[in-house]
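Read through the structure below, which is laid out as structure tokens, and then see the notes.
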Amino acid sequence: MADYLRTLFLHPPSFQGFDGGAGARYQARREIRSFWYPTWLAQPAALVPGSRLVDAPPAGLTLEDVVPLGRDYDLAVLHTSAASFAHDVRVAEVLKRENPRLRIGFVGAHVAVQRERALAASPAIEFVAGSEFDFTIQEIAQGWPLPKVAGLSYRTNGHFERTPERPTLENMDALPFVVDVYHRDLVIEQYFIGYLLHPYVSLYTGRGCRSRCTFCLWPQTVGGHRYRTRSVEHVVAEIARARGHFPKVKEYFFDDDTFTDDLPRAEAIARGLGRLGVTWSCNAKANVPRSTLEVLRDNGLRLLLVGYESGSQAILNQVKKGVRIDIAREFTKNAKALGIKIHGTFIMGLPGETHETIEETIRFAREIDPDSLQVSLAAPYPGTALYQEALERGWLQQSELVDDAGVQASVLGYPHLSRTEIFASVESFYRRFYLRPRKIFGFLKEMARDASVCRRRLAEGREFFRFLASRRSS
Ligand code: SF4
């Protein structure tokens with residue numbers, strides 16, 4: 001312990017209810033209360049003995065709450081995002097004012113791709129880590145001089161230096177279990193995802209995605225396009241450990257970019273989980289064959305989170321989704337026939353979007369009829385091909401990705417389709433999907449079966465309609 005700096009890992013407070021921490025791919029306050037686990041911060045925290053992980057938004061912590069914490073530490077590692085960066089810089093400045101000896105570094109996809117720009121934002125920031133920062137932070141916490149730490153940009157004598165890139169992590173089993181950090185520092189009941197059972201726990205079994213979707217943040221910034229995985233035994237052992245820590249957990253979620261990128265491995269993990277008898281869910285691409293779905297379902301799979309994005313094949317091709325609409329239809333039919341629930345995610349305003357493709361996508365969603373869905377606005381994050389394309393083509397009509405409340409904003413506009421029309425399409429999509437007798441009846445049935453589900457759905461319903469009303473007035 002004496003060999004490590006006293007280290008605080010912090011997802012700073014920003015917008016109230018902001019689901020943009022070290023586990024959120026799409027950083028915004030969502031339609032209903034929603035928080036992903038800060039897994040990207042828990043990972044280095046697991047490598048630094050005696051550290052503490054503080055995830056301010058789910059815990060409801062304000063700036064006044066977190067500032068005193070800074071006095072007790074030598075090193076603070078702040079996870080930031082495109083949406084919250086300005087807020088996070090302010091938090092860093094206040095922490096530094098309170099404890100001038102505190103060393104502060106920023107991590108996260110947003111700053112990994114523009115390290116010097118991030119350093120320039122404030123003298124309170126001493127260093128910014130590149131893509132995978134687990135061992136970068138561990139070495140800094142061990143007191144290594146910054147010039148000797150790979151994968152870093154840092155401030156020195158009024159200018160910035162950049163150290164050599166850190167090799168991509170290949171031995172993923174070298175990463176210790178995050179569930180030990182969750183157990184030590186987090187309150188799992190504070191984490192909600194509308195379509196997951198509560199309480200849930202999420203973690204990664206690998207990093208990287210083989211697909212090259214132009215809008216997708218992590219594979220283009222921190223994860224890469226090879227799916228680097230932990231061994232099956234390592235994953236199953238972590239879930240076994242988690243069961244001991246969290247007997248109340250109802251569901252485990254594997255938040256790998258695409259858990260089904262390696263089908264034999266997915267099946268092997270499923271069999272291990274089946275032996276443990278846990279309920280679990282994961283991210284999947286809409287092309288998993290029925291034979292694999294059967295193995296997963298037979299071993300505890302409850303739900304798949306599927307990025308359909310659009311019902312227009314032309315748009316899917318343009319954003320390099322690598323999925324055919326007919327295959328997505330077949331996959332969905334199979335999953336539903338097997339009793340696997342589906343949460344579908346869609347994006348409005350991707351390149352190529354028109355009034356017609358919006359209609360096509362809403363019709364497609366109603367036809368395949370996932371159990372629930374989420375509609376996001378196209379978000380051109382720095383570091384993605386979409387961002388570059390938007391800059392070059394003049395589509396970026398607003399720089400802030402969220403509004404003053406942290407809710408997603410419409411920033412892309414096209415000559416034939418304005419950003420306000422794209423913004424309005426989200427509400428229309430939600431209404432036409434959810435306000436159908438079939439959907440309402442489905443929710444009522446689910447609520448009638450379980451009193452706790454009933455209470456949760458009523459609260460979420462209130463939040464959802466408040467959200468729709470707020471969009472009307474904005
Ligand atoms: S398949 Fe999913 S995770 Fe992979 S690049 Fe595309 S959107 Fe991202």
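Ligands are counted one by one from 1 in listed order, and the atoms in each one are counted from 1 as well. Hydrogens, waters and symmetry mates play no part in the numbers below; they use all other heavy atoms, side chains included.
Looking only at protein N/O/S atoms, the ones less than 2.8 Å from atom 6 (Fe) of ligand 1 make 1 in total.
With a 4.0 Å cut-off on non-hydrogen atoms, F215 touches ligand 1 through its side chain and not its backbone.
Relative ring orientation between F133 and W40 is described as tilted, the plane-to-plane angle lying within the 30° to 60° band. In this pair, F254 and F259 present their aromatic rings parallel. The plane angle is below 30°, not in the 30 to 60° band.
The salt bridge (Lys or Arg N to Asp or Glu O under 4.0 Å) contacts involving residues 373-394 comprise nothing, where partners must be two or more places apart or lie in separate chains.
Figure legend: R207 and Y204 shown without cation-pi pairing, the cationic atom not lying both under 6.0 angstrom from the six-membered ring centre and within 45 degrees of its axis.
In this structure, E367 does not pair ionically with R363, as no charged nitrogen and carboxylate oxygen lie closer than 4.0 Å. Between E170 and R230 there is no salt bridge, since no side-chain N of the basic residue sits under 4.0 Å from a carboxylate O of the acidic one.
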